[in-house]
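Below, each value reflects all heavy atoms present in this structure, side chains not excepted, and no hydrogens, waters or symmetry copies.
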Amino acid sequence: MATAQRRGRRLAMDPGELDAFLTRQRTCRVATVTPRGEPRTTPLWFAWDGHALWLYSLVRSRRWTDLRHDPRVAAVIDDGHTYGDLRGAELCGTAQFIGEAPRTGLPCPELDAPEALFAAKYFGTPTMPHDGGHAWLRLKPEKVLSWDFRKLRAS
């Protein structure tokens, strides 16, 4: 269960707004810590299942290496072009490696739902194409911060 947002609650998204936002957005920025302790941020596609952010990462990436060394992760998903339209969320927690790495499509019931969501969202297909280079990370947020500056207009 994620901790409750204490600051900026007036602009925070309610659970339904957050769920709809995370379901629609396509790209997040994932922050990891390198083995030397340096921060690294990379863009990544994701699927949101209502409880966890599912990240489909190249297993030969620096991001993957970082998370093998230190599984702490933060992901930012945002949208908006003008100040009054800015909205987004930051999800923080520990990445969990799920399924085979790299993923070739061997049966893994835990991945059935996220792969169906991801395939529909990015490929327009009912099943996930596997390229033998990616694998799954699950982020069950321990902390969620959100903002929706459009709520300033309603004040």
key: Main-chain N/O of D66 paired to T32 side chain as donor or acceptor, under 3.5 Å   = no

task = Enter the distance from W48:CH2 to L18:CG here, rounded to the nearest 0.5 Å.
result = 6.0 Å

inquiry  = How about CZ on R72, more than 12 heavy atoms from neighbouring residues, nucleotides or ligands closer than 6.0 Å, or not?
reply    = no

message = To the closest 0.5 Å, what do you measure between NE2 (H134) and OG1 (T104)?
response = 14.0 Å

message = If hydrophobic clusters are built by linking Ile, Leu, Val, Met, Phe, Trp and Tyr wherever their side-chain heavy atoms come under 4.5 Å apart, do Y83 and W147 end up in the same one?
response = yes

ask   = Would you call K151-E17 a salt bridge at under 4.0 Å N-O?
value = yes

query = Between W136 and W54, what is the ring plane arrangement, given parallel below 30°, perpendicular above 60°, and tilted in between?
reply = perpendicular

Closest approach of L44 to S57 (non-hydrogen atoms, all atoms of both residues) = CD1-CA, 4.3 Å

remark   = Looking only at heavy atoms, the pair that brings F46 and Q25 closest together is CZ-O, 3.4 Å

query = Picking from D79, D148, D78, what satisfies salt bridge (Lys or Arg N to Asp or Glu O under 4.0 Å) with R87?
reply = D79

key: Contact summary for A101 and W64, nearest pair of heavy atoms   = CB-CZ2, 3.8 Å

key: Spacing of CG belonging to L55 relative to CZ belonging to R63, to within rounding of 0.5 Å   = 8.0 Å

query = Are C28 and L22 close enough that some pair of their side-chain heavy atoms sits under 4.5 Å apart?
reply = no

With a 3.5 Å cut-off and sequence neighbours excluded, list the donor-acceptor pairs that the side chains of residues 90-99 form with protein atoms.
from	atom 1	to	atom 2	distance (Å)
T94	OG1	E142	OE2	3.3
Q96	OE1	R138	NE	2.9
Q96	OE1	R138	NH2	3.0

message = Rounded to the nearest 0.5 Å, what separates atom CG in D112 from atom OG1 in T127?
response = 11.5 Å

request  = Check the hydrophobic clustering (I, L, V, M, F, W, Y; side-chain heavy atoms under 4.5 Å; chains of links allowed) and say if L139 and V33 are grouped together.
outcome  = no

request  = Answer whether the closest heavy-atom distance between the side chains of R26 and K121 falls below 4.5 Å.
outcome  = yes

remark   = All heavy atoms of A89 vs all of F21, minimum pair found to be N-CE2, 4.2 Å

ask   = Which of parallel (below 30°), tilted (30 to 60°) and perpendicular (above 60°) describes W45 and F123?
value = perpendicular

ask   = If you round to the nearest 0.5 Å, how far is CG of D131 from OH of Y56?
value = 5.0 Å

request  = Using a 4.5 Å cut-off on heavy atoms from C-beta on, say whether the side chain of P102 contacts that of V59.
outcome  = yes

inquiry  = Could you check whether atom NE2 of H51 has more than 12 heavy atoms from other residues, nucleotides or ligands sitting under 6.0 Å from it?
reply    = no

key: Hphob cluster co-occupancy, L58 + V30, side-chain heavy atoms under 4.5 angstrom   = no

task = Flag the pair R103 / E115 as yes when at least one side-chain heavy-atom distance between them is below 4.5 Å, and no otherwise.
result = yes

task = Answer yes or no: is there an ion pair linking R153 with D85, defined by an N-O contact shorter than 4.0 Å?
result = yes

